[in-house]
Amino acid sequence: PGLAHFCEHMLFLGTKKFPDPMGFDKFMSMSGGENNAYTSTELTVYFGSVSKSAGKEALARFADFFRAPLFNEKYVGKEVHAIDSEHAKNLQNPTWRIMQALNSLSDPKSP
């Protein structure tokens with residue numbers, strides 16, 4: 001868990017131009033689309049698909065995530081809890097645990 005993961009969650013919860021915290025998900029659903037995101041150790045990925053006719057508005061809404069996010073304090077506690085829950089789930093995942101063990105054994109000087 002970390003700041004990048006927190007930002008990933010908060011960006012979906014409203015922007016200056018589109019302030020409704022559920023607005024992006026509602027728009028994507030009503031437009032026959034879908035979206036999601038994930039944060040890994042080195043990057044955050046946002047992805048989605050939407051009908052061609054809704055593409056221009058979808059891009060405007062998505063771009064506003066990065067241009068003018070609201071980061072509404074009202075949702076901070078909820079999102080921190082969600083991130084902690086995801087992290088607790090990951091700690092139980094055997095593949096994740098193996099990768100963490102291997103990472104801890106790697107040479108920090110290695111590119």
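Just so we're clear, the structure is a prediction, and the values are computed from it rather than from any experiment.
F24 and F62 get closest at one heavy-atom pair: CE1-N, 4.1 Å. The two residues V45 and F47 come nearest to each other via the heavy atoms CG1-CD2, 4.0 Å. Heavy atoms only, all atoms of each residue included: A54 and F27 are closest at O-CZ, 3.6 Å. In terms of heavy-atom proximity, L11 sits nearest to P69 at CD2-CB, 3.5 Å.
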Derivation and outcome, side-chain contact (heavy atoms from CB on, under 4.5 Å), residues H9 and E86: CA-CA 12 Å; H9 279 238; E86 289 177 28; 3.1 Å; yes
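Taking SG of C7 as the reference point, atom CZ of F65 lies at 12.5 Å (rounded to 0.5 Å). If you take CD on Q100 and OG1 on T95, they are separated by 11.5 Å, rounding to the nearest 0.5 Å. Here the straight-line distance linking atom NZ of K78 with atom CD1 of I83 works out to 10.5 Å at 0.5 Å rounding. T15 OG1 to L70 CG: the interatomic distance, rounded to the nearest 0.5 Å, is 6.0 Å. One distance of note links NE2 of H87 with OG of S85; it measures 11.0 Å at 0.5 Å rounding.
A salt bridge does not link D64 to K16: none of the charged nitrogens lies less than 4.0 Å from a carboxylate oxygen.
Without hydrogens or angle criteria, S29 side chain to D25 main chain gives no donor-acceptor distance under 3.5 Å. No donor-acceptor distance shorter than 3.5 angstrom exists from the side chain of S31 to the backbone of M28, with no hydrogens or angles considered. Side-chain N or O atoms of S110 include none that pairs as donor or acceptor with a backbone N or O of D107 at under 3.5 Å. In this structure, the side chain of N93 engages the main chain of W96 through a donor-acceptor pair within 3.5 Å.
The aromatic rings of F6 and F71 are tilted relative to each other, their planes meeting at an angle between 30° and 60°. Ring geometry, Y46 versus F12: the interplanar angle falls from 30° to 60°, so the pair is classed tilted.
Between the side chains of E79 and H5, not a single donor N or O lies within less than 3.5 Å of an accepting N or O. Of the N and O atoms on the side chains of T44 and E8, not one donor lies less than 3.5 Å from an acceptor on the other residue.
In this structure, M10 is a member of the same hydrophobic cluster as V80, with clusters built from ILVMFWY side-chain heavy atoms closer than 4.5 Å.
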